[in-house]
Structure formats: C-alpha cells, structure tokens
2 protein chains.
Amino acid sequence: MNKPATIKDIARILKISTSTVSRAMRNATDVSIETKNAVVALSEELNYLPNKFALSLQQKQTHTIGVIVPNLDYIMATMLKGIDEVALEAGYTVMVCQSNESFGREIVNTKRLSNSIVDGFIVSVSSETKVFDHFKKIQAQNVPIVTFDRVIPELTVPSVYLDNKDGGSQATAHLIEQGYKRIAILAGPKNMEISNHRLNGYLAALKKYKIKVDLDLIINCDFNQDYAFIATQELLAMKKRPDAIFTISDRMAIGAMLAIKDKGLTMPSDIGLVGFNNEPLLSLLEPAISSVDQPAFEMGKAAAKLFIQMMHNTEDMSNVKEVLKPKLIVRESSQKNQKIKRIK
Amino acid sequence: MNKPATIKDIARILKISTSTVSRAMRNATDVSIETKNAVVALSEELNYLPNKFALSLQQKQTHTIGVIVPNLDYIMATMLKGIDEVALEAGYTVMVCQSNESFGREIVNTKRLSNSIVDGFIVSVSSETKVFDHFKKIQAQNVPIVTFDRVIPELTVPSVYLDNKDGGSQATAHLIEQGYKRIAILAGPKNMEISNHRLNGYLAALKKYKIKVDLDLIINCDFNQDYAFIATQELLAMKKRPDAIFTISDRMAIGAMLAIKDKGLTMPSDIGLVGFNNEPLLSLLEPAISSVDQPAFEMGKAAAKLFIQMMHNTEDMSNVKEVLKPKLIVRESSQKNQKIKRIK
DNA sequence: ATTTTAACCGGGAACGATGCCGGTAACGAT
DNA sequence: ATCGTTACCGGCATCGTTCCCGGTTAAAAT
C-alpha cells in the first residue's frame, strides 16, 4: 500500500533539499536546530528508515556476516549462538546457511551470499568438501573469511578450532587407563581434518602407552549414526573383537551403543565407549556415555571476534589461529574400574 | 585488491554500452550472438557477478526471506531445513535469526531485517512475546509475513501450524486408555498459544472420558527442562499424586523423567509419561518415552511455500491457514497395559 | 529507387542515499 | 564600505544495474 518513505519525501514535504535531510538525520553539524527537529519529527511520523541498499551501494558495506555451516545439530547451534552474540553486539547481522554436509549446496550458498550481499564469511566446511576453489575464489576477491571448527588448512585465513588431537588423545588414554586393551576407533571420512586429528590423538596415546596399532581397529566410516551402527556390528563380529570403542562424534557413539546393546553386550564391562562433542543427551542414556567436551559457545564467539577484528584492522591476520582445549567428561560407559555415582 | 568487476568494466573493455552488456547478460533478444558471446566470455573471465544492491535498489526485491525462530533445537532445525529446501528451489536465500526466546532480541531482529533487507518474514514467535506491535508495524508497511508453528492469532497473516489440540487429546486419551487415572499436564507459559491448545486437547480428552478436571494437576511452568524437573517434583510430592504426566514438550518430558527417576519411581508402572515433539533421542532413553510427533520438515516446507505463493499472487491470502496433523508415537513410558517390543 | 521493417545498439533517467563543493545571507571586524 | 567569517543550505555526481526510448544500419518489400 504505502511504500516506505524516502529521504526525498521528507525533503519535498519540508521544502528543503535531500542533502539537508540527510545531514539532519545523522550529524547535527551544518543544520539549524529547527530544521533538524522538523526533519526528525517528520521522519518519525512517516516511519522513515534509511534504505539499506542505497547505503550499501554507496559504502560497499552491508554489516552482514554470511555464516555457512554443515548442519544445525546441537553443537553447531551452540556455536551459532556464540557467533550471534558477538556479531549482534558489534552491529552485524548474521545470515546462516546450512550446506547439509553437501558440497553442491555449499557452493550454491557461497555464490548467493558473495558479491557484496555479505561483508564476509564465517565458515565450517561440509564433510563432503574436498576441493576448496569456491572459497579460494572468494578470498581472491579480498572478501574476509574466518573458518571455525572444521577449518581448511590449505586456506590461509584466521581460524578457530579445537585441539582435536588432544581430544582424541585424552579419550584414548582414559580408555587405556581403565584397563581396556583392544581399543577401536570409529573415525570419519578420510578427507576430514578434524577426524584425522582425533585419529592422530588416538595413535599418540597408543604410542605413549606402548600399545601396538592394529589397523583392523581403525575404521573410516561416514559421519553419522547409521554408518557407525553398521561399522560397530562389523567390529563386534571380529574374531578378536575390540573391548573399547572411541568414536569421533556423539552421533557415532550412539550408533555404536545401539549395536553394542543389540549384540547383548554391556558397557562398560564388556565394551568401553567414549564419544566426542559431549551433547547433553549423553548424560541421559543408560549407561551415560563418556565424551570429549568442546567449548562450542566459546568457539563461536571467538570466530566472530576474529571476524570483526579482521574487518577493523588493516594488518594481515591470515596467520592467526586460535586453538581451544577439549576436556574429557567421564561417565559410566567407560568406567570399567571404579563404580561411580551417576553424573546428571 | 581487485574490486569486483562491474557491468561498466565489461562495457569499457568491449567498447560497447552498459545497456548492451546488461541485455546480453540475461535475455538474448536485441543482442547479436557475437556480442552476447563476447560479453559472456569476458564476464566469466573477470568473475563478474551482478551487484545485488544495485538490483535491489531498482527492483525493490531482494529474494531474501528473513526467518525468525525462537531457538535452534532439533525440531526447529528440522523445520528450517524444510524452509531452506523450498526457498532455495524458488530462488530465495534464507536469513535465519534466532530470538533466543527473548522478546527484546526478537524486536532487534525484526528491525534489522526490515526496511528492504528482506522481502518478507517467516516467523515463529518467542515464548516471551506477549505484544506483537513489532510485527504489526511490519505488516502495516505491507511486508509479507507468514507465521508457523507458534502463530500469532491476532495477526491476520497466512500461517501453518499443528493441530495442537488434537495432539494433546491424542496423548491424554492414550494415557486414559492405558488405565491411568490421575493425569497431570505440564503446560507452558499461559501466553503461549500452542501450550493452551495442547491443554485444551487434554481437557477435551478428559471430558470425552468423563473424568473430572483437577486443577491441581494442571501446571503452567516455563518451557524448559529445569522448570519441568521442579514442577514434577512438586507433583510427586502431592498427597494424591498423579499416576501419569503429559508434558507439552520433550524437553519438559526429560525434566519430568529425571524427577521421576530421582524419586525412585518407575515408568510406566508407577507413572506414565508422554511428551510432545518426538525428538529422536526419546527412543534412546530407558524407558523410551512416548511422544506426539509433528511433521516438522513438512511444516517448514509448507510455510515457505505459503510465503512464495504470497509473493507471486496478488490476491489476499491473509486468511489461509494450513493445519498439519500430529501423530502419537507410543513407546514404553506409557505402556502400562501390554508389554511391547522396544521400538528402535 | 524508395520505403518499411527488423536487428542491434547507445544515451540517459531512475532507484535512495551520501558527500563534495559552491553559494547565500547575516554579522562582525577593519 | 568592504572584506572575512560563520552558519546554513542546495546542486550535482556517484554507487551498479535496468528500462525506456530513440537512433543507425542493412536487408527486405514495394
């Protein structure tokens, strides 16, 4: 019906020029107090809001951050909250696109958001993505990118991530200390950085405790519950089956748990289990599942802070890396030795 | 470094006018095939992408939908996936803002997105929101709004929602049929529409089975796990305590479950329990919790479809309401009568 | 040979805002 | 009386794109 009022409408009605209106609207210099009052009064009456596109067209800034995430599970949602909080504080609006773990969707999303619709990107890559040309292209146009959680090593951009190796190491060492002997790992796809680092942590822990690596106990499977279920079934069907499993995600831990129960085995006595992410639901399961906690909210905040710093600073920040520390949360599923009270 | 190429750059290099470039770029009419090829070739070489702001400034369309949601839990994330799918298909980009169940944040979000940054809104309101002026203001500017899940009755806009009364009724009737006599309900805040409708369903089922309503068994508490825990503790401390609880969300069901276990009672024999939303984790709990399933993905899709219809159609759609049907999923927590196989 | 028609292209305004630059009026100082 | 200063305001270009309108050329029709 009534289209939004523009600066011209105000100028026309007050019989002054658009420049004057523009000035009156933001700084008080070079405008008489009466004009200013008149403009402000009328603008409120007309419900005037400056057109963002006209502004962006001129100033080449949108104050919008494009955030591309692989999914919206608990951990991501928590990270997003962190991003949101910092971004909002700094006057930025956040545009979230989920790639659904799909390479194609990721490309579509970057295309849509790039070319001036957003000032830059905060990205966690899809598990499918093996080629990073779409991000390189963006970077070549000098559009700021910050990666978080799932970073892109071949892209020299500031990034925030977990010390995944440490996490894998903590989990594995814990299982060893609990007396488990044959510890399997359900790792993710081979192209996933975080998976490989967690695997490296696993290997490091074995080495530290002088346990020989058994390649049959290292499974690369897809990053979800169903595949983990199948992979665990196969593990449990082995002649010399493992007596503990470390999965690099909680979703996979749940798949493993179901397979273990399905087979009639019990945790932690027959099989020990440790997951990764520490989703809250783990404490509700029986047995409650141990998991490596990551400070997701903090990670989101750190990523957004890095981004905003990059927008303000002129100096090169591409080598800034922020590494957060994981923390193993021990619950029943891996407590072979001592019985403890259930953690709520 | 190299700022993005514009239509002017192409025109200058090829020594033709910007109009011709513009035409060559989208429709083939009025452009010779050679010119068109040359333009396309060069535009690819220069990595040309049309500036969205210039376009939006002209055409008053952004092809962006602002989606405002109260949180990013499982059910919302699923709805968002539905919205995303339809929107992407139709050439729209989705901008997600979470209000964090906060009235203030919701207002900030609408302010930021409105005034031409988005073509319209798809909204599910915060549980805190009792006043809807910020949405009315948007509507007054003729910006399209679609509400979903948590709708706003006093706003005449197209909307998609669940038959919440039916859901509440199904859950309650099921508990009655299982032989539970004193059925309590944990409802949400009194200003929440969905809560009241589920409560109405509860009342309707009681009436149908001629069970007298006991007001002490109707608890309005906040929409989360911790409050539900406390509320359940109070329920269980009653002289004539209830023998079944229906909670209007799964989060609340979990809170109730914890309180029940804490007290040393068992489900379904001592207490029956039914939740709402059917989050996947419910099937993993012991006992697995019954819940009312809602077609979240479908709801998201329906909302986006409605929105896009509204953008295309000129006719008034403000009275279009789409009501989806819930479906009770029975699991162990409410199976007092017959023992059944565990549903995975 | 002249007119019609089609094919192709360029010029300029417009979208809404900002910012530079220049102009005018009033006033005080010399 | 003239100049300089201050306070205030308007004109115009600009951002990148599209659209309307008009113009030129060459081929086709008369």
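Naming: A, B, ... by sequence-line order, numbering from 1 per chain.
Interface remark: the Ser19(A) side chain does form a donor-acceptor pair with the dG19(C) base, using a distance-only criterion of under 3.5 Å.
Taking atom OH of Tyr48(A) as the reference point, atom C1' of dG16(C) lies 8 Å away to the nearest angstrom. Rounding to whole angstrom units, CG of residue Asp30(A) and P of dG23(C) are separated by 16 Å. A straight line from CD1 of Ile10(B) to C1' of dT18(D) spans 15 Å, rounded to a whole angstrom. Whole-Å rounding puts the Ile16(A) CD1 to dG23(C) C1' distance at 17 Å. With rounding to whole Å, Lys52(A) atom NZ is found 18 Å from dC15(D) atom C1'. For Asp9(A) and dC15(C), the CG to C1' distance is 13 Å, given to the nearest whole Å. Between Gln59(B) atom CD and dC20(D) atom P there is a gap of 12 Å when expressed in whole angstrom units. Going from atom CG of Leu55(A) over to atom P of dG16(C) covers 13 Å, rounded to whole Å.
Judged purely by distance below 3.5 Å, without hydrogens or angles, the side chains of Gln61(B) and Ser56(B) never pair a donor atom with an acceptor atom. Asn71(A) and Glu101(A) share a donor-acceptor pair across their side chains, judged by distance under 3.5 Å alone. Side-chain N/O atoms of Ser32(A) and Thr35(A) include a donor and acceptor closer than 3.5 Å.
Nearest to the side chain of Leu57(A), among dT17(D), dT18(C), dG16(C), sits dG16(C). The side chain of Arg26(B) sits closest to dC19(D) out of dC19(D), dG16(D), dT18(C). Side-chain proximity of Ile7(A) to the nucleotides dT17(D), dG10(D), dA17(C) is greatest for dA17(C). Of the listed nucleotides (dC12(D), dG16(C), dT17(D)), dC12(D) has the atom at the smallest distance from the side chain of Thr18(A).
Here Lys60(A) reaches the OP1 or OP2 of dG16(D): one of its side-chain N or O atoms lies under 4.0 Å away. Phosphate contact (OP1/OP2 of dC9(C), side-chain N/O of Ser32(B), threshold under 4.0 Å): present. Considering only side-chain N and O atoms, Arg23(A) lies nowhere under 4.0 angstrom from the phosphate OP1 or OP2 of dA7(D). The phosphate of dG10(D) has OP1 or OP2 within less than 4.0 Å of a side-chain N or O from Ser17(A). The side chain of Thr35(A) contributes an N or O atom lying less than 4.0 Å from OP1 or OP2 of dC9(D). In this structure, Thr20(B) reaches the dG10(C) phosphate: one of its side-chain N or O atoms is under 4.0 Å from OP1 or OP2.
Tyr92(B) and Phe307(B) have perpendicular rings, their planes meeting at more than 60° on a 0 to 90° scale where under 30° would count as parallel.
Across all strands, Lys8(B) comes closer than 4.0 Å to base atoms (heavy-atom distances). Residue Lys36(B) is out of contact with every strand shown, counting any heavy-atom pair closer than 4.0 Å.
Of the two residues near DNA chain C, Val31(B) and Val21(A), the one whose nearest nucleotide lies more 5' is Val31(B).
In this structure, CG on Asp84(B) lies 14.5 Å from CE on Met79(B), to the nearest 0.5 angstrom.
Less than 6.0 angstrom separates the ring centroid of Phe103(A) from the ring centroid of His134(A).
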